[in-house]
Every structure is written in structure tokens, then in C-alpha cells.
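The block underneath contains the structure these notes are about, expressed in C-alpha cells.
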Amino acid sequence: MVPKSSASMLFEPLTIRGFTAPNRVMVSPMQQYSSDGDGTANDFHLVQLGRFALGGAGMVIAEATAIEPAGRMSHTDLGIWSDDHIAPLTRIAAFIEAQGAIPGIQLVHAGRKGSMQAPWDGMGPLTDADAARGEAPWPTIGPSALSPGGGWPVPHEMSEAEIAANIALWADAACRAAAAGFRIIDLHGAHGYLLHAFLSPLSNRRTDRYGGSLVNRMRYPLEVVRAIRAAIPQGCALFYRLSVLDGIDGGWTVEDSVAFCTELVAEGVDVIDCSSGGAISDRSSNTRVRRGFAFHAPYSRAIKQDVSGALVATVGLIVEPEQAEAVLQAGDADIIAIGREMLSDPNWTHRARSALLGESYDAWPREAGWWLDKRVGALRQLRDGGETPMTRYQRGSH
Ligand SMILES: Cc1cc2nc3c(=O)[nH]c(=O)nc-3n(C[C@H](O)[C@H](O)[C@H](O)COP(=O)(O)O)c2cc1C
């Protein structure tokens, strides 16, 4: 095959700590709301994540996985608060790695945005009606006793002792993730969940050393990072998914993010994964950054330019190979995270390789690639002969 181009940044390997990802494509963490109810991963998660690895992605990050039961968003989120969770996750990490991809997992505490219905049950706060069908609401926690939005419960304001105990849960969860074989631990510090809730002045109104000034609001997430970095093996990479801005007056800003990320890098975070928004749950107010194609690229670019030592990922409506390549070529990011487009086409990475480097099935699993490679010539012969898949039916000759 004649390559379209001799080089593509998207398909340049990327070395981070103890591993080298074969390309810059990362499957963005996506909750599936499909655990067995006690946070345990099952065959659905194996197949769902496994097909992204078979599809050629360089890094596959498992969904937001709760560090304690109250840190889930919904009843059917994945969890990693018990050693019993490790074995099924080990199977998933091992499968991903066996396909040549780097396995990662996102850790989360939902904080005041927990106790939520699954999307197909309404995605609102859990109610008595949900309790009647076995999904009771639970008390939530946060930096301050402020509801995230209309109808959502008011969280319990965490004491300093509760903050210290919570930090230990993060470190324990990270150790379990490393024990399960995940090479990337991605902290969910975005979308209004507990880490983000401490950063944003919209959710943090504390007057102690965990609230008020920027330095104080950064204290809890930085303590979490420090505890995790001290607990996990050196070869394990730490990614931090950040809402770079709240997009609401009086909220967290890009300038705040630059200051925070500088501290994150000093604490041993390897990649800043740039997202935005989610500080409050009220969708009727103007809380959203405009969602155009590659809508976080300006923010990942700002972090890349202003924070030295950070590798940067960007996410959000990156759907075409040429677009992903252009984001990297422009210096807007080092890693391309893709969510929904992967749900649409788990083989997106293989398709991108063909689009950017010329048609080849070399990187596909041989169980598919061997056959598809042979088929190229046969298809070309038919098309060169003037035949299309519809010819027979257009002639009406069947
Ligand atoms: C089904 C679904 C579940 C998601 N779950 C998570 C999650 O667990 N953690 C997270 O950080 N983002 C989550 N997101 C956000 C995605 O990771 C991604 O940032 C977002 O969908 C924008 O990227 P996209 O346009 O490529 O889909 C989820 C998105 C979807 C569609």
C-alpha cells in the first residue's frame, strides 16, 4: 500500500513513566451504569472496554469507579472500595494490555452529585419511587452544605477528620487499581464531583484551611494526589481530569487551572486531561461552555502553553482522524481523548490509521486483519470492473 503520509503525530508512540502507548488515541472514561449493583465489573465491561483495545486505541480508560459506596453517582456504577473488586478488574486490564493498549481506570468520589438515577431512569436525584424499586437515595457529602441544584439533596459538610479519612480511601482505591494491573490512574477532578467541588467557589464556601483562598481550595485535591502518588508504584502514571473552567460567573477559571496544574505537576501528575463544566446540576442556567468540534482545544492549549512539564489531553467532539491530527499538529494537546465516537465505532483508531497513513490492516488483530487485507484486492477488482454493491439490484437482474 502507498501511504498517504509518511508521518502522523496521532500514531507517534508516547512514553509516560513505565510504559509506551502505541499511539496518542485515548478512550475517554465513560460510565456504563451496568455493574452488578455492588460495584463489581462484569463481562459487559470486559467486552465494552476490550473492543476499544481490539480497535487499536493506545490507551483505554475504564469509567469513573467509586472509591466508596457513597462516592458513586448511581447504584450501578463501578466501585473499587473492596479487595473483592480487584479480580474482575484484573481480567479487564490484562485483556486490554494483551491487545497492545495501555489499561487505565478513572477513580471518583461523586460528592454532592451522588445519589443519582441512571440516565435511562431520568438522571435526576434518586426519589422515594426509586427506593421502592430497590434504589434508595443515600446521604451525600461535599465541602459545604450547598445543594448542586434544584431538587438535589443538600450534602453533609465534611469535617477535617472526614476529609483525612476520605483521602485515605483514595489512596487505598489507587493501590487496588495498580494491583489490578492498570498502568494509568485517572483522577476524576472534573464535572462537579468531590475533587472539583472543593476547587470551585460555587460549591466551596468553607472558612477553614480547605476553603476561601485559591490555595485553600486547592488543598484537598493536592492532598489526594500526594497520598496516591506516595502509595502507587513509580511506574504507574497519574492522569488528572480537570474542569479547566466552570463557565459560570464567580466560578473556577482558566487562570485558576494554570496555577492548580503547576502544583499537580509538582506533585507527580503526568497528564492533565482537559474537560470543563459540571460545577452545578442546574441545566437551565447558562453553565455550559459552547460545544463545538474539539471544544476543549483552546483550554488544553492554554494548559500546555502555561504549565511546564505537563502532558495534556483534550476531549470533546473530536470525531474525524484529520481533525484529531490537526489538534496535535497545532500544539493544542499531546493526547486525543475520544468518547462517544468510540461508542459509535470501536474501530475508530484503525480507521484513523488508514485515513492518515494509507490503507493497511497490519495493526488490526490478525483474526480480522488477515482477511480484510486479502479483500482489498478483490473489492478493487470489482470496482475497477465497474461493479458496485448495488449493480445487481439496479439492473433488476436477480
Ligand atoms: C456514556 C458517557 C459516560 C461518561 N462517563 C464519564 C466518566 O465516567 N468520566 C468522565 O470523566 N467523563 C465521562 N463522560 C464524558 C466523556 O468522557 C467525554 O469527556 C465527553 O463525552 C466528551 O467527549 P466526546 O465528544 O468525545 O464524547 C461520559 C460521557 C458519556 C457519553
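First listed ligand is number 1; within each ligand, the first listed atom is number 1. Remember, predicted model here, so these are calculated numbers, not experimental data.
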* Hey, is Arg91 close enough to Asp43 for a salt bridge, meaning N to O under 4.0 Å? -> yes
* **Heavy atom of Gly316, distance to ligand 1 below 4.0 Å** => yes
* State whether Trp138 and Arg72 meet the cation-pi test: NZ (Lys) or CZ (Arg) under 6.0 Å from the six-membered ring centroid, and within 45° of the perpendicular axis. => yes
* Structure fact -> The option among Gln106, Glu63, Arg291 carrying the non-hydrogen atom nearest to atom 9 (N) of ligand 1 is Gln106
* **Val315 heavy atom under 4.0 Å from ligand 1** => yes
* To do: Examine Ala337 against ligand 1 and note whether any of their N/O atoms are separated by less than 3.5 Å.
  => no
* Asked: Is Glu341 near ligand 1, meaning one of its heavy atoms is under 4.0 Å from it?
  -> no
* Could you check atom 6 (C) of ligand 1 against the protein and tell me its nearest heavy-atom contact, residue, atom and distance included? => Pro29 O, 3.0 Å
* Asked: Between Gln48 and Gln32, is any side-chain donor less than 3.5 angstrom from a side-chain acceptor?
  -> yes
* Of the protein's non-hydrogen atoms, which lies at the shortest distance from atom 26 (O) of ligand 1, and what is that distance? -> Gly339 N, 2.8 Å
* **Pair Arg229 + Asp270, salt bridge at N-O below 4.0 Å** => yes
* Per-atom contacts, ligand 1 versus Leu317 - under 4.0 Å to a heavy atom -> 24 (P), 25 (O), 26 (O)
* Asked: Identify the closest protein heavy atom to atom 29 (C) of ligand 1: which residue and atom is it, and at what distance?
  -> Met30 CG, 3.9 Å
* Asked: Without hydrogens or angle criteria, can the side chains of Asn347 and His350 be said to hold a donor-acceptor pair below 3.5 Å?
  -> no
* With sequence neighbours excluded, tell me which residues meet ring-ring contact (aromatic ring centres under 6.0 Å, His included) with Tyr220. => Phe198
* With a 4.5 Å limit on heavy-atom distance, are the side chains of Ile248 and Leu202 in contact? -> yes
* Asked: Measuring from the heavy atoms of His191, does anything fall under 4.0 Å of ligand 1?
  -> yes
* Asked: Can you pull the salt bridge (charged side-chain N to carboxylate O under 4.0 Å, His left out) pairs that have at least one residue in residues 209-222, sequence neighbours excluded?
  -> Glu160-Arg209
* Structure fact -> Counting heavy atoms under 4.0 Å, the part of Met342 that contacts ligand 1 is neither
* Mind checking whether Gln31 has an N or O less than 3.5 Å away from an N or O of ligand 1? -> yes
* Looking only at N/O atoms, are Ala64 and ligand 1 under 3.5 Å apart anywhere? -> yes
* Would you confirm whether any non-hydrogen atom of the protein falls under 4.0 Å from atom 3 (C) of ligand 1? => yes
* Asked: Counting both backbone and side chain atoms, is some N or O of Ile338 under 3.5 Å from an N or O of ligand 1?
  -> no
* Closest heavy-atom pair and its distance - Val27, Ala57 -> CG2-CB, 3.6 Å
* To do: Take the angle between the ring planes of Tyr299 and His296 and call it parallel below 30°, perpendicular above 60°, tilted in between.
  => tilted
* May I ask you to check if ligand 1 and Arg340 share an N or O to N or O distance below 3.5 Å? => yes
* Within a radius of less than 6.0 Å around CG of Asp249, do more than 12 heavy atoms belonging to other residues, nucleotides or ligands occur? -> no
* Asked: Does ligand 1 have a heavy atom under 4.0 Å from the side chain of Arg241, from its backbone, from both, or from neither?
  -> side chain
* Just jot down the ligand 1 atoms closer than 4.0 angstrom to any heavy atom of Ser28, in number order. => 16 (C), 17 (O), 18 (C), 19 (O)
